[in-house]
Amino acid sequence: MPLPDRGGPLAGVRVLEITKVWAGPYAGKLLAFLGAEVIKVESLSNLDEMRAYGGVDINSAPYFLSINQEVQSVQVNMKSAEGLDLLRQMITRSDILIDNLRPGAMERLGLAYEEVRKVRADIIQVSIKMYGTDGPLGYQTGYAPCFAALGGLTSLVGHADEPPRGMNIRYGDSTVGASAAFAAIAALHHRATTGEGQFIDLSAVEAMSGMVGDSLLAYGLTGNIPQADGNAHPGMVPHGCYPCAEGAWLSLAVATDREWQALCGILGLPDADRLAPSLDAQIGALTSALDADDLAAALLAAGVPAFRSKSSLDLVSDDFLWASGAYRMVTDSHGNSRPVIGPGWRMSPDEATIERAAPLLGEHNDYVYRELLGLSAEALADLINRKVVD
Amino acid sequence: MTALTGLRIIERAARVADEYAGKLLADFGAEVIKIELPGGSATRAMGPFVNGESTVFAWLNTNKKSVVLDPGKAGDHAILHRLLASADALVDGHDAPWREAKSHPHLVHCVITPFGQTAPPAWQQARAINVMSAGGWAWHTPSESAPDSPPLKGPGRFLPDYEAGLEAALCIAASLWRKRQTGKGQFIDISQVGVQLSRADCVIGRMLAGEQEPGPERTRYDMGGPGATFACADGHVFLLMTTSTHWRGLCALMGDPVWAATFPSDWLEFHCTTDRVAEFRMHFSRWATEQHKDSISEAAQKLGVALVQVNTAGDLPRHAQYVHRGFFQTLKGVDYPTVPYHMSGSPVRLTTPAPALGAHSAEVC
């Protein structure tokens, strides 16, 4: 059965992903959300760990279901020569191939770029590794908080005079995935103008460095090493998060004299010294009895940038986020629906539809083997029987 | 040849997010024409400064052209329309999308705001720390935050701007692909907060779906376990450890100290209590203080332990892997960070430093 026409700017682009955990699948998801047809290559003998986390059923694992919406799943046993041959046939019908396997794994499968381009000369192959594919440390592996530590980001997060703490431990993989998706699309343009594909070798550690690029360049220009500085801001005072009633916190970023005067008026800060070391404590003493949402609304109305710092409970119950499409509902092939996080964009006209939940393992075997590769029902049944499709 | 050669982008930035989107497109080879008001972009006034020039502006505007236009002047208005007519895309940072763009339906028109186009206008005043707060990352940063410790803004000043700028560049590149096929433009509405949420898809998503309880605690994004930053003799390391294999490797790294033998071999999987984590950290901190970060990190990798250096901006230009990959590129004697990719067919090159105000007015107009 052909796939439904979802529209979107990448309609007609086919992506094959051999990815696991978060960074690679997130790249695939963003491309799917932009309208690409994204096919995830999976197998029972080499399963994405996310199909196992937090559940016993590989088709209802919470982490997997939270990431892989609008992606197809095809089973291929990559431990068999026949499976790899089928995979190469899929590659000939794809524009982009993404992987985030361990260093050397693609090469061992015979899927190094030099091999892949023999079957599809203009393939765009994106490979995500902690440190990239080669170099003195290219063999090393790690997890997202390691990327952030190595890339110079962790050293810049933390309260002043404490050891650096870094972003929350979950930060990093998705940003790496978004970086991969962008480069893949840029390469489509290069292919359109030159006819050439290419190999894109992504370093997750360097992707983190990009998120602090101004700090890295500032060091290069000034020789001063930027440090973790809590919530301090060189151009704004006050700037930070301030305690409110019921354990809430209010974020505040005051740049101009006008904003400062408005803040003083609303908080009743009489003749406060804006540069006093005790300013944050003075403000905190005044905000701590106030409701964070009410105070934020009053400050915004007076032209002072302020917003409640949201907990997970605040986020899931936020009406605006539901109404604006930040959250979406998707449905799986059994008719079960699930709320998921939508993309950070809206487009008009021709936004890609986002309706289908993450795939069951092998849900699109028929589509891939029969429609794309042109095999008969009997041939596919035989492959399944012999566990070439597993 | 770089990947986006031949595409012309007009950048009319109001926020760092817009300039970062423009930078990504420019570094990938698009011709990015930055339209500045006579007073210049706000980022030109952001420190630190070197020889009177903003380092923030220098970072955000490599490979771009600068044109000064005063929309109040009739002549400039006409130039603006000529530029828009000749362009493929417009990066627009203003809360209300630019009316001028409406008469150029061939344009990919991207607007980046804190909350997207459907938000109450007052919310669009939000600055980076407000966006980090509205999207949940501040509340949960750092991991293991105490209730009385303020949520944090993240690294530097601009993380949510860079994340949204990356998203905008992604969407613009995709939409320009569509324009190649159809000749048609598109309107793209980027929400910075939406991007923040998307980056936490498998954390918040499980709470939305009812598989994990949301709550008011600051630790709801955390993973538990002993992973943390530790001080060494010459800096800091970050350790992440989740399995008995990691634990065996770490014990070997430390020379199998007596205290470690009192921990069950599978404690990380099955007996990872708060007390045990605290006890581990006490012992490990004591050991780590006397170690050098490079030597223990290298030894840890060989033992299969995810223990890595917490690098600073000062460490990276000399870092063997960064040097090998050429992450820093020298331009006019200055080492610029570039992009996290090697692209075999269309390598990214920084060709020109950030332009002086109006440096390209004569050429472009």
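So you know, we letter chains A, B, ... as the sequences are listed, proteins then strands, and number each from 1.
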ask   = Is a side-chain donor or acceptor of A:R165 paired with a backbone partner of B:P142 at a separation under 3.5 angstrom?
value = no
query = When rounded to the nearest 0.5 angstrom, what is the spacing between CG in B:L170 and CD1 in A:I185?
reply = 4.5 Å
query = chain B: which of A:D201, A:L313, A:I341 shares the most heavy-atom pairs with it under 4.5 Å?
reply = A:D201
remark   = Highest number of heavy-atom pairs under 4.5 Å with chain A among B:T118, B:V50, B:L4, B:L159 belongs to B:L159
task = Can you tell which part of B:Q309 gets under 4.5 Å to a heavy atom of chain A, answering side chain, backbone, both or neither?
result = both
message = Please rank B:L307, B:L24, B:D201 by heavy-atom pairs under 4.5 Å with chain A and give me the top one.
response = B:D201
message = Given heavy-atom pairs under 4.5 angstrom as the criterion, report whether the side chain, backbone, both or neither of B:F115 touches chain A.
response = both
note = If one checks every heavy atom of B:P147 against chain A at 4.5 Å, the contacting part turns out to be backbone
query = So how far is it from B:Y341 OH to A:F182 CZ, rounded to the nearest 0.5 Å?
reply = 6.5 Å
ask   = Taking the six-membered ring of A:Y63, is the NZ or CZ of B:R206 close enough (under 6.0 Å from the centre) and on axis enough (within 45°)?
value = yes
task = Drop me the distance from A:E196's CD to B:S344's OG, to the nearest 0.5 angstrom.
result = 8.5 Å
inquiry  = Using salt bridge (Lys or Arg N to Asp or Glu O under 4.0 Å), reason through B:K153 and A:D229 one step at a time and then give a plain yes or no.
reply    = CA-CA 10 Å; B:K153 65 178 168 53; A:D229 53 1; 2.9 Å; yes
